[in-house]
Participant: 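Dropping the structure in here first, questions after.
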Amino acid sequence: MLLTPEESIQIQNRIGADIIMALDDVVRTTITGPRIEEAMYRTLRWIDRCIAAHKRPNEQNLFGIIQGGLDPVLRDICVRGLVERNLPGYAIGGLAGGEDKDSFWRVVAQCTAALPEDKPRYVMGVGYPLDIVVCSALGADMYDCVYPTRTARFGTALVPEGVLKLKHRAMATDTRPIDPSCNCMVCKKYSRAYIHCLVTKDAMGSQLLSYHNLFYMMKLSSDLHSSIVQGRFPEFVCKFLQKMFPEGDVPEWVCNAMEVAGIDISLCCSPFSSSPEYRNSEIPTDF
């Protein structure tokens, strides 16, 4: 199938989405060599073709996508090229493809620092709760990811402490809700034991976990947004990290990113006692 920049925009014009994406040439960040540079320059050439083909600029917002792999020079060239086009918004692409976390956050920090503050900044393919909090601290605004529903299909629920694996045999006799602090329909009506029975036998288990995980992500996003608007984002970050890393073992890459973002998380890195519910549980968590 041949998909050109023009055809891509025509399809999106017909769909009528509020935000549409330029066609880019994306390669995995684990690839090195001239292919990265080739993709970046092709992406810049294609943005002009996308702009020219866009027939509904007053109704649909065309976002450009920053490419360049893990090369800061290529990323800078691409950022400056897209900003010169004065687009409605900008996306940071080519990440979440297997690169190490230290490289990941540095690319996000570099790009957000160079993008206009009055335009949306969208990190593509990012959806782990921790990644979203870190990227928001670095100045990103928008995200997308299949993670909440994909991990639900494997019987895993998102909780403030990390994840809860409902297929684990310890769940078979656990009558508590997935997350006692969650107000979603699943947590109000069903126990961990009931969902454990479902996820091992019936697709309904994955559907219920998907509902819960999406509810969790929407609440996380809402709470994050409110904390920014109310001027208490640093406090939000610390509370989030304390719940996820109760022993104070915050990953070094997170600490480095927060230092660049100007957020003091020194208290979060001190030893904290986990709540009894999780400290004494055999339920595995995966941070």
Side-chain angles (χ1 to χ4, degrees), residues 96 122-137 140-229 233 235-247 250-251 254 268 272 274-287:
Y122 162 32
V123 185
M124 305 183 76
V126 169
Y128 294 136
L130 179 60
D131 291 356
I132 287 177
V133 171
V134 171
C135 290
S136 297
D141 306 299
M142 300 167 56
Y143 311 91
D144 80 286
C145 192
V146 301
Y147 174 66
T149 50
R150 182 186 62 198
T151 199
R153 292 195 294 274
F154 288 99
T156 302
L158 304 180
V159 293
E161 295 80 6
V163 299
L164 206 58
K165 297 181 179 180
L166 275 300
K167 286 187 176 181
H168 195 273
R169 62 177 177 270
M171 297 288 99
T173 57
D174 196 330
T175 58
R176 293 172 295 175
I178 294 173
D179 176 9
S181 67
C182 178
N183 291 318
C184 82
M185 172 271 294
V186 178
C187 289
K188 286 182 176 180
K189 292 186 177 182
Y190 304 107
S191 68
R192 297 175 180 182
Y194 177 74
I195 296 176
H196 167 80
C197 293
L198 288 181
V199 296
T200 55
K201 302 175 182 177
D202 194 308
M204 180 59 72
S206 298
Q207 294 174 19
L208 291 175
L209 286 179
S210 292
Y211 185 100
H212 165 79
N213 286 354
L214 291 172
F215 187 96
Y216 172 88
M217 294 303 297
M218 292 181 70
K219 186 176 188 305
L220 173 68
S221 300
S222 176
D223 291 347
L224 191 156
H225 177 263
S226 296
S227 74
I228 294 173
V229 172
F233 181 64
E235 177 185 350
F236 169 86
V237 171
C238 280
K239 288 184 178 179
F240 175 86
L241 293 176
Q242 286 173 4
K243 287 182 179 179
M244 186 164 283
F245 305 102
E247 303 301 324
V250 180
V254 176
C268 311
F272 285 93
S274 175
S275 64
E277 175 180 349
Y278 285 88
R279 184 174 63 240
N280 300 321
S281 175
E282 295 180 4
I283 304 165
T285 55
D286 178 11
F287 303 138

Participant: Verify, without hydrogens or angle tests, whether D144 (side chain) and G125 (backbone) share a donor-acceptor contact under 3.5 angstrom.
Facilitator: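 Answer holds: yes.
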Participant: Is any side-chain heavy atom of C145 closer than 4.5 Å to one of Y128?
Facilitator: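 A side-chain contact under 4.5 Å is absent here.
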Participant: For residues V199 and M171, determine if any side-chain heavy atom of one lies less than 4.5 Å from a side-chain heavy atom of the other.
Facilitator: no
Participant: Between atom CG of D179 and atom CZ of R192, what is the distance when rounded to the nearest 0.5 Å?
Facilitator: 8.0 Å
Participant: Donor-acceptor pair, distance only, cut-off 3.5 Å: does the side chain of H212 make one with the backbone of L158?
Facilitator: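 It does hold such a pair.
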Participant: Determine the minimum heavy-atom distance between F233 and V133, stating which atoms define it.
Facilitator: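 Looking at all heavy atoms of both residues, the closest pair is CZ-O, 4.0 Å.
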Participant: Kindly give the heavy-atom pair with the smallest separation between C187 and P177, and that separation in Å.
Facilitator: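 Reported closest heavy-atom pair: O-CB, 3.2 Å.
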Participant: Atom CG in D202, atom CD in Q207: separation rounded to 0.5 Å?
Facilitator: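 Between atom CG of D202 and atom CD of Q207 there are 8.0 Å.
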Participant: Return the CG to OG1 distance between L214 and T149, rounded to the nearest 0.5 Å.
Facilitator: 6.0 Å
Participant: To the nearest 0.5 angstrom, please state how far the OG atom of S227 sits from the NZ atom of K239.
Facilitator: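 Going from the OG atom of S227 to the NZ atom of K239 covers 10.5 Å.
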Participant: For a 4.5 angstrom cut-off between non-hydrogen side-chain atoms, does V163 reach T151?
Facilitator: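 No - every pair of side-chain heavy atoms lies 4.5 Å or more apart.
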Participant: Would you mind reporting whether L198 and L166 have side-chain heavy atoms less than 4.5 Å apart?
Facilitator: no
Participant: With a 4.5 Å limit on heavy-atom distance, are the side chains of F154 and L209 in contact?
Facilitator: no
Participant: For L130 and M244, work out which heavy atoms get closest and say how close.
Facilitator: CB-SD, 4.2 Å
Participant: For a 4.5 angstrom cut-off between non-hydrogen side-chain atoms, does V237 reach L224?
Facilitator: no
Participant: Any chance you could measure Y147, atom OH, to I132, atom CD1, to the nearest 0.5 Å?
Facilitator: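 If I round to the nearest 0.5 Å, the distance is 10.5 Å.
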Participant: Under a 4.5 Å cut-off applied to non-hydrogen side-chain atoms, are L220 and F236 in contact?
Facilitator: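 In contact.
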Participant: For A96 and V126, work out which heavy atoms get closest and say how close.
Facilitator: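 Distance-wise, the nearest heavy atoms are CB-CG2, 4.5 Å.
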Participant: I'd like to check P129 versus M217 (side-chain heavy atoms, cut-off strictly below 4.5 Å). Are they in contact?
Facilitator: yes
Participant: Y143 and S136: side-chain donor and acceptor closer than 3.5 Å?
Facilitator: yes
Participant: Check this for me: M185, atom CE, are more than 12 non-hydrogen atoms of other residues, nucleotides or ligands nearer than 6.0 Å?
Facilitator: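 More than 12 within 6.0 Å, yes.
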Participant: Nearest 0.5 Å, what's the SG-NZ distance between C184 and K189?
Facilitator: 10.5 Å
Participant: Where is the tightest heavy-atom contact between V186 and I195, given as atom of each residue plus distance?
Facilitator: CG1-CD1, 3.6 Å
